[in-house]
Novice: 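Before we start, here is the structure in question, set down as structure tokens.
Model, not experiment: these values are computed from the prediction. Just so we're on the same page: letters track the sequence lines, and every chain starts at 1.
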Amino acid sequence: MARYLITSAIPYINGIKHLGNLAGSMLPADVHARFRRLQGHEVLYICATDEHGTPAELAAAEAGVDVRAYCDEQYKIQRDACAGFKLSFDHFGRSSNPPNHKLTQHFGEVLEKHGMIEERVTKQIYSIDDKRFLPDRYVEGTCPNCGFERARGDQCDNCQTLLDPIELINPRSKISGSTNVEPRDTAHLFLKQPLMQDRIREWVDKSTEWPPLARSIAYKWLDEGLIDRSITRDLAWGVKVTKDGKIRAGFENKVYYVWFDAPIEYIASTVEWSEAGGGDWERWWRTDKGAEDVTYVQVMGKDNVAFHTVSFPVTIMGSQEPWKLVDRLKAFNWVTWYGGKFSTSEKRGIFMDQALEILPSDYWRWYLMANAPESSDAAFTLEQFQQTINADLANVFGNFVNRITRFAASKFDSEVPNGGTPGAHEEKLANEFAERLAALTQCHEQMEFRKAAAELRAIWVAGNEYLQVAAPWTALKTDRDAAAVGVRTGLNACAVFAILAQPFIPDAAKIVLDALGVPEANRNWPKPDDKGVWDALPRGHKFTPPDVLFKKIEDEQVAELAVRFGGGGAA
RNA sequence: GGGCCCGUAGCUCAAUGGUUAGAGCCGGCCGCUCAUAACGGUCUGGUUACAGGUUCGAGUCCUGUCGGGCCUACCA
């Protein structure tokens, strides 16, 4: 038995997440957590909302509520949506909660103690009408290079030139549109990342289990050379900057940068879990206090990779304290929606709450994992969704369960039949199963979700192939024992197929296992060489055939959804 | 601008430089009748974006062209 600490990138508080966010971080992390638990390992799956930063303040202002009240409300919405998708977090915390303030301040102070911090004065654009400093992206103006009038402070979308907001001609606030803006001096703390450059590179060199995408992004940053990085901002909402436990002089109106405190929330959320009665958090995070045998797995979208392979490790290593670093990192590309990206700000695509109104979570979970954006961006289309669900879940798996349980109910009195001896058909099924189970297990261990789904599907298909040749309905006419073997094998197949389906489609799997009366203790991940799975259900055991597991998605429903969500055209 | 990735069947995707480039879906045909008109078998489908090059051998490596995407540290 091993120990797995699993975190998925924490979703930003600003609005409910779309299916692309779900598919690229929380859902695969959940599938992996469920798999590792079924294997009997000790798992801690941690997530949280990322609540600080300018967008949260602006969204609250737009909603006309206090930022804390806004976050309280959004937190509940996101928490409920995650629960609706059956994400099995051990804890779903909040980066605005006290443990994160305390830990972020701790890291800030300990980094300074080790010479990793320098205070500098920089020029930032201040908007007098908005009464706030503006992040580069929130300043708009005319590009000094090409004359484009809506260039952003960080980059011109027209000519791609990287800009400093000070350079913009006729700068204005993107928030209010006000041109009443001016550069002002403001002091900030800079993290001296170059001091950790060599140690980070050595660590990345050793991290051979990361996928190519993650390593190439890390190397790119390292090759260009790490730079001193500002880790504070002029904002009201966030973690206060301290020195010796008190507000740092001159930083009364500043907070830590959201990207400094957000990854620390992985640890802080574990502290929240601990405070809620979960257990000893240090055992998971401190290598001097029991975490040396923990395998730490991080799951995220590709936009997060640099922060997890470079920035956060600089914080950790720079502290010179024995914190756990990531061991295995899984990065995803994007899910696309009819050619474009899913977009929270533009409301493009399907969002988590809407999805749950339309169909049960298992449908989405299966599709998003069977088509996970692992090697490149993956297209989501309603038509593909319909085909995948109807074929894989309704026809292949759902109908398999239905056909054998109903046959057993009508011809064998809803019992697991006794009698008969397994023969060549059963041996062929068992052999193929053993081979595919080994492959499926390996796919899960390596977090190859597409391949895992394909392998699971192939196992289900093998069940249908078996029934076709064993044909207990034919055997029944001449040889009741032969039919009994077919039905018994088929029912046991239902059980083991559902056991293997648990990480992907937990609800449907539970329905099947409950209907067959499989005790919780017998739902663990089987070993490929375990022949006992084909005679695991007690003979003579009564069961109730479950209702149809998956209703097919009809063409009319696809048409309705296409209208509602703008599928096939511009959203 | 710089860097990285991708382009394979109608669709979605696979293939440590090594037999005849494979799956699923869709479509055609055959079979089965337990089942959600489900299941099984089988067939059709390819100039691997394009043009060169390296190699005994290239989807894979190199160069260029075209098309798409991502990153570029103050959105997160």
Side-chain angles (χ1 to χ4, degrees), chain A residues 9-14 50 52-56 58 122 124-125 133-139 145 152-155 159-162 164-165 174 188 193 212-213 216-217 219-221 223-224 226-230 233-234 257-259 262 301-307 310-311 333-334 336 339 341 344-345 370-371 374-381 383-384 386-388 390-396 398-411 450-451 453-454 457-458 461 463-474 476 483 486-487 490 545 547-552:
Chain A
I10 62 177
Y12 196 67
I13 194 68
N14 186 9
D50 178 14
H52 296 139
T54 306
L58 295 180
T122 61
Q124 287 291 129
I125 298 289
F133 281 94
L134 299 174
D136 293 358
R137 288 212 170 198
Y138 287 85
V139 184
N145 185 50
R152 291 196 318 265
D154 59 335
Q155 181 169 25
C159 69
Q160 307 300 313
T161 306
L162 298 180
D164 189 300
K174 196 173 178 178
H188 282 297
Q193 298 192 119
L213 177 68
S216 69
I217 290 172
Y219 279 127
K220 197 217 163 205
W221 277 41
D223 290 345
E224 289 180 356
L226 300 188
I227 59 173
D228 293 346
R229 183 167 194 240
S230 166
R233 292 290 183 275
D234 291 287
Y257 176 37
V258 61
W259 259 118
K302 59 185 168 183
D303 57 329
N304 270 258
V305 169
F307 298 99
V310 177
S311 307
N333 292 278
W334 308 127
T336 60
K341 274 208 287 189
T344 304
S345 55
N371 297 284
E374 289 181 298
S375 58
S376 62
D377 290 353
F380 182 100
T381 67
E383 295 75 15
Q384 183 88 6
Q386 176 194 28
Q387 282 177 357
T388 302
N390 290 354
D392 295 355
L393 295 187
N395 295 347
V396 174
N399 183 57
F400 175 79
V401 171
N402 195 48
R403 66 193 294 205
I404 190 62
T405 53
R406 291 199 180 276
F407 184 72
S410 67
K411 307 295 192 212
R450 265 178 190 268
K451 286 184 184 172
R457 183 186 188 285
V461 168
N464 281 312
E465 285 169 12
Y466 166 77
L467 281 187
Q468 186 70 22
V469 293
W473 45 89
T474 305
L476 189 62
V487 171
D547 291 334
V548 165
L549 281 178
F550 302 98
K551 277 168 51 178
K552 289 199 195 189

Novice: Got a second to check how far A/Lys552's NZ is from A/Gln386's CD, nearest 0.5 Å?
Specialist: 10.0 Å
Novice: Just to be sure I understand the rule, does A/Thr54 reach a base, reach only the sugar-phosphate, or reach nothing, if contact means heavy atoms closer than 4.0 Å?
Specialist: sugar-phosphate
Novice: Could you tell me the separation between the CD atom of A/Gln124 and the CG atom of A/Asp164, rounded to the nearest 0.5 Å?
Specialist: 8.0 Å
Novice: Could you tell me the separation between the CZ atom of A/Arg152 and the P atom of B/rA76, rounded to a whole number of Å?
Specialist: 13 Å
Novice: A/Val461 near the nucleic acid: base, sugar-phosphate alone, or nothing, with a heavy-atom cut-off under 4.0 Å?
Specialist: sugar-phosphate
Novice: Over all strands shown, is A/Lys302 touching base, sugar-phosphate only, or nothing at heavy-atom distances under 4.0 angstrom?
Specialist: sugar-phosphate
Novice: Describe the nucleic acid contact of A/Ala394 in one word from base, sugar-phosphate, nothing, applying a heavy-atom distance below 4.0 Å.
Specialist: base
Novice: Could you state the interatomic distance from CG (A/Asp50) to CG (A/Asn14), rounded to the nearest 0.5 Å?
Specialist: 10.5 Å
Novice: Please measure how far the P atom in B/rG7 lies from the corresponding atom in B/rU48, and state the result in whole Å.
Specialist: 14 Å
Novice: Please report the distance separating the C1' of B/rC71 from the corresponding atom of B/rA15, rounded so that it comes out in whole Å.
Specialist: 28 Å
Novice: Using a 4.0 Å heavy-atom cut-off across all strands, classify A/Ile404 as base, sugar-phosphate, or nothing.
Specialist: nothing
Novice: For A/Leu467, report the nucleic acid contact type (base, sugar-phosphate, nothing); a contact means any heavy atom under 4.0 Å.
Specialist: nothing
Novice: Compare the minimum distances between each of B/rC4, B/rA76, B/rC74 and the side chain of A/Asp136, then state the nucleotide with the smallest one.
Specialist: B/rC74
Novice: What nucleotide among B/rC34, B/rC11, B/rC74 has an atom nearest to a side-chain atom of A/Gln384?
Specialist: B/rC11
Novice: Could you check whether A/Ala378 gets within reach of a base, just the sugar-phosphate, or nothing at all, counting any heavy atom under 4.0 Å?
Specialist: sugar-phosphate
Novice: Run through RNA chain B and report every stem of 3 or more consecutive Watson-Crick or G-U pairs, distances under 3.5 Å, ordered by first number.
Specialist: B:1-7 with B:66-72, B:10-13 with B:22-25, B:27-31 with B:39-43, B:49-53 with B:61-65
Novice: Got a second to check how far A/Asp303's CG is from A/Trp334's CH2, nearest 0.5 Å?
Specialist: 3.0 Å
Novice: Angle between ring planes, A/Phe307 versus A/Trp259, binned at 30° and 60°: parallel, tilted or perpendicular?
Specialist: parallel
Novice: Just the rounded figure in Å: distance from C1' of B/rA73 to CG of A/Asp164.
Specialist: 13 Å
Novice: Rounding to the closest angstrom, what is the interatomic distance between B/rG64 and B/rC11 at atom P?
Specialist: 29 Å
Novice: Between the base of B/rA35 and the side chain of A/Asn399, is there a donor-acceptor distance below 3.5 Å?
Specialist: yes
Novice: For the side chain of A/Gln155, counting heavy atoms from C-beta on, which of B/rU72, B/rC26, B/rC39 is nearest?
Specialist: B/rU72
Novice: Classify the nucleic acid contact of A/Gly53 as base, sugar-phosphate or nothing, counting any heavy atom under 4.0 Å across all strands shown.
Specialist: sugar-phosphate
Novice: Base of B/rC11, side chain of A/Glu383 - is there a donor-acceptor contact under 3.5 Å?
Specialist: no
Novice: Pairing donors with acceptors under 3.5 angstrom, does anything connect the side chains of A/Arg403 and A/Asn399?
Specialist: no
Novice: Within less than 4.0 Å of OP1 or OP2 of B/rC74, is there a side-chain N or O belonging to A/Arg233?
Specialist: yes
Novice: Mind checking the P distance from B/rG46 to B/rA9? Whole angstroms is fine.
Specialist: 10 Å
Novice: Could you give the CD1-to-P distance, from A/Ile217 to B/rC70, as a whole number of Å?
Specialist: 13 Å
Novice: Mind checking the P distance from B/rU72 to B/rU16? Whole angstroms is fine.
Specialist: 30 Å
Novice: Take the protein atom CH2 of A/Trp334 and the nucleotide atom P of B/rC6, then report the distance between them rounded to whole Å.
Specialist: 18 Å
Novice: If you measure from the C1' atom in B/rU19 to the same atom in B/rA58, how many Å do you get, rounded?
Specialist: 15 Å
Novice: Which of the following nucleotides, B/rU36, B/rC74, B/rA76, is nearest to the side chain of A/Gln124?
Specialist: B/rC74
Novice: Evaluate the criterion side chain to side chain contact (heavy atoms under 4.5 Å, CB included) for residue pair A/Thr381 and A/Gln387; output intermediate values, then yes/no.
Specialist: CA-CA 10 Å; A/Thr381 67; A/Gln387 282 177 357; over 6 Å; no
Novice: Considering just the side-chain nitrogens and oxygens of A/Lys552, establish if one lies under 4.0 Å of OP1 or OP2 belonging to B/rA38.
Specialist: yes
Novice: Identify which nucleotide among B/rA73, B/rC74, B/rG40 has an atom closest to any side-chain atom of A/Asn464, counting heavy atoms from C-beta outward.
Specialist: B/rG40
Novice: Pick base, sugar-phosphate or nothing for A/Val258, based on heavy-atom distances below 4.0 Å to the nucleic acid.
Specialist: sugar-phosphate
Novice: Nearest to the A/Asn395 side chain among B/rC25, B/rC74, B/rA38, which nucleotide is it?
Specialist: B/rA38
Novice: Heavy atoms only, 4.0 Å cut-off, all strands: where does A/Phe550 land among base, sugar-phosphate and nothing?
Specialist: base
Novice: Checking contacts here: which listed nucleotide (B/rU72, B/rG69, B/rU12) is nearest the side-chain heavy atoms of A/Asp377?
Specialist: B/rG69
Novice: Any idea which of B/rA76, B/rU33, B/rG40 is nearest the A/Tyr12 side chain?
Specialist: B/rA76
Novice: Nearest of B/rG3, B/rA35, B/rA76 to any side-chain atom of A/Asn402?
Specialist: B/rA35
Novice: Could you give the CZ-to-C1' distance, from A/Arg457 to B/rC39, as a whole number of Å?
Specialist: 12 Å
Novice: Distance check, rounded to the nearest 0.5 Å: A/Arg450 atom CZ versus A/Asn371 atom CG?
Specialist: 5.0 Å
Novice: Quick one: pull up CG in A/Leu549 and CG in A/Leu393 and give me the separation to the nearest 0.5 Å.
Specialist: 9.0 Å
Novice: Do any side-chain nitrogens or oxygens of A/Tyr257 fall under 4.0 Å of OP1 or OP2 in B/rA76?
Specialist: yes
Novice: Rounded off to whole Å, could you give me the CG-to-C1' distance for the A/Asp303 and B/rC5 pair?
Specialist: 15 Å
Novice: What is the distance, rounded to the nearest whole Å, between atom CH2 of A/Trp259 and atom C1' of B/rA73?
Specialist: 12 Å
Novice: Report yes if a side-chain nitrogen or oxygen of A/Arg229 is closer than 4.0 Å to either non-bridging phosphate oxygen (OP1 or OP2) of B/rC74; otherwise report no.
Specialist: yes
Novice: Could you pull out all residues at least two apart from A/Arg457 that satisfy salt bridge (Lys or Arg N to Asp or Glu O under 4.0 Å)?
Specialist: A/Asp392
Novice: Hey, is A/Phe407 stacking on B/rC34? Ring centres under 5.5 Å, planes under 30°.
Specialist: no
Novice: Give a yes or no on whether the backbone of A/Ala56 and the side-chain of A/Tyr12 come within a donor-acceptor separation of less than 3.5 Å.
Specialist: yes
Novice: Would you measure the distance from the C1' atom in B/rG45 across to the matching atom in B/rC56 and give it in whole Å?
Specialist: 32 Å
Novice: Grab the two heavy atoms, one from A/Gly486 and one from A/Leu467, that are nearest each other, plus how far apart they are.
Specialist: O-CD2, 4.4 Å
Novice: For the side chain of A/Ile227, starting at C-beta, report the closest nucleotide among B/rG40, B/rA73, B/rC71.
Specialist: B/rA73
Novice: Classify the nucleic acid contact of A/Trp221 as base, sugar-phosphate or nothing, counting any heavy atom under 4.0 Å across all strands shown.
Specialist: base
Novice: By the 4.0 Å heavy-atom rule, please label A/Phe307 as base, sugar-phosphate, or nothing.
Specialist: base
Novice: Taking NZ from A/Lys551 and P from B/rA38, how many angstroms apart are they, rounded to a whole number?
Specialist: 16 Å
Novice: Using the P atom as the point on both nucleotides, what is the distance between B/rG24 and B/rC39, in whole Å?
Specialist: 13 Å
